[in-house]
Amino acid sequence: MTIAGPLGPSLAPAIRRSRTLYQFLKPVSDWYANVSGYRKVGLKYDDLLVDERPDVERALARLTPRETFDRTWRFKRASQCSVLHDVLPKDQWTKPSEDVRYLKPLVQEVEREDQERRKWDTIAVERRR
């Protein structure tokens, strides 16, 4: 079990394996996602990742043009909500079923490539005689 990954520490794999713990914490996590408010302005969870990190920047470059457009649209709409000090109408909120991790797999792929690159860069080459 890896607790720390490219996106920070996570106990999610251990919680998902324990049925009792999952049933206890799932309502709490749903409540927290609703209280945090990012869905009320139309954002997805992966929109909250810090863009300035090198691995996230490289993952963003790998998004399809449609995903890039959708991400930009969500940011513009959230900025407008921020300026107006208001939230979107309830029918335009991001639904939990729509809040999928679209960027996490790409960030993890970039991290795996970085680890492989570090491994190959530190390989010791010995000369045969």
Side-chain angles (χ1 to χ4, degrees):
M1 175 180 80
T2 60
I3 292 181
L7 299 175
S10 175
L11 295 174
I15 292 171
R16 286 191 190 109
R17 278 195 300 273
S18 170
R19 185 175 182 180
T20 306
L21 195 56
Y22 180 80
Q23 289 176 346
F24 176 73
L25 291 177
K26 180 65 174 155
V28 175
S29 68
D30 291 339
W31 170 82
Y32 181 76
N34 289 330
V35 168
S36 64
Y38 67 90
R39 290 180 181 165
K40 294 178 183 179
V41 292
L43 294 175
K44 292 184 177 183
Y45 183 77
D46 278 353
D47 294 334
L48 305 177
L49 292 177
V50 179
D51 295 350
E52 288 82 18
R53 289 182 25 203
D55 54 348
V56 176
E57 284 180 358
R58 291 189 11 230
L60 286 172
R62 296 179 184 191
L63 289 176
T64 64
R66 178 63 188 192
E67 289 173 329
T68 304
F69 176 81
D70 289 345
R71 178 180 167 86
T72 305
W73 173 256
R74 288 192 299 271
F75 278 127
K76 286 184 179 183
R77 191 167 53 170
S79 296
Q80 181 67 21
C81 289
S82 177
V83 167
L84 297 175
H85 300 286
D86 200 7
V87 295
L88 294 172
K90 191 159 180 100
D91 63 329
Q92 294 181 13
W93 290 5
T94 303
K95 296 167 189 59
S97 60
E98 297 171 353
D99 192 8
V100 294
R101 301 295 300 268
Y102 68 95
L103 196 56
K104 180 181 178 180
L106 296 174
V107 173
Q108 289 173 335
E109 180 181 326
V110 166
E111 183 64 26
R112 279 192 303 273
E113 290 172 1
D114 286 345
Q115 287 175 351
E116 183 179 359
R117 186 173 294 113
R118 282 191 296 271
K119 181 180 170 184
W120 281 104
D121 286 347
T122 59
I123 205 166
V125 179
E126 294 180 11
R127 186 177 207 179
R128 286 187 159 181
R129 293 185 183 219

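- Between Tyr102 and Asp70 there is no side-chain heavy-atom pair separated by less than 4.5 Å.
- Within the 4.5 Å cutoff, side-chain heavy atoms of Arg117 are placed close to those of Asp114.
- Clustering ILVMFWY residues whenever any of their side-chain heavy atoms sit less than 4.5 angstrom apart, transitively, puts Val100 in a cluster other than the one holding Leu103.
- A chain of hydrophobic side-chain contacts below 4.5 Å, direct or via other Ile, Leu, Val, Met, Phe, Trp or Tyr residues, connects Tyr45 to Val41.
- Phe75 and Phe69 are members of different hydrophobic clusters when ILVMFWY side chains are connected at heavy-atom separations under 4.5 Å.
- Linking Ile, Leu, Val, Met, Phe, Trp and Tyr residues whenever their side-chain heavy atoms come within less than 4.5 Å leaves Leu43 and Trp73 in two separate clusters.
- Across all their heavy atoms, Glu67 and Leu63 have their closest contact at OE1-CD2, 3.3 Å.
- With hydrogens and angles ignored, the 3.5 Å screen pairs no side-chain donor or acceptor of Gln92 with any backbone N or O of Pro89.
- Of all non-hydrogen atoms in Glu98 and Lys44, the two that sit nearest each other are O-CE, 3.2 Å.
- Although no hydrogens or angles enter the test, the distance criterion places no donor-acceptor pair under 3.5 Å between the side chain of Ser82 and the main chain of Ala78.
- For the pairing with Asp47, the salt bridge (charged side-chain N to carboxylate O under 4.0 Å, His left out) check across Arg101, Arg74, Arg77 returns one residue only, Arg74.
- Rounding to the nearest 0.5 Å places OG of Ser29 at 7.0 Å from OH of Tyr22.
- In this structure, Val110 is not a member of the same hydrophobic cluster as Val56, with clusters built from ILVMFWY side-chain heavy atoms closer than 4.5 Å.
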> Would Ile123 and Lys119 count as a side-chain contact (heavy atoms from CB on, under 4.5 Å) if you check the C-alpha gap in whole Å, the side-chain angles of each, and the deciding distance to 0.1 Å?
Replying inline: CA-CA 6 Å; Ile123 205 166; Lys119 181 180 170 184; over 6 Å; no
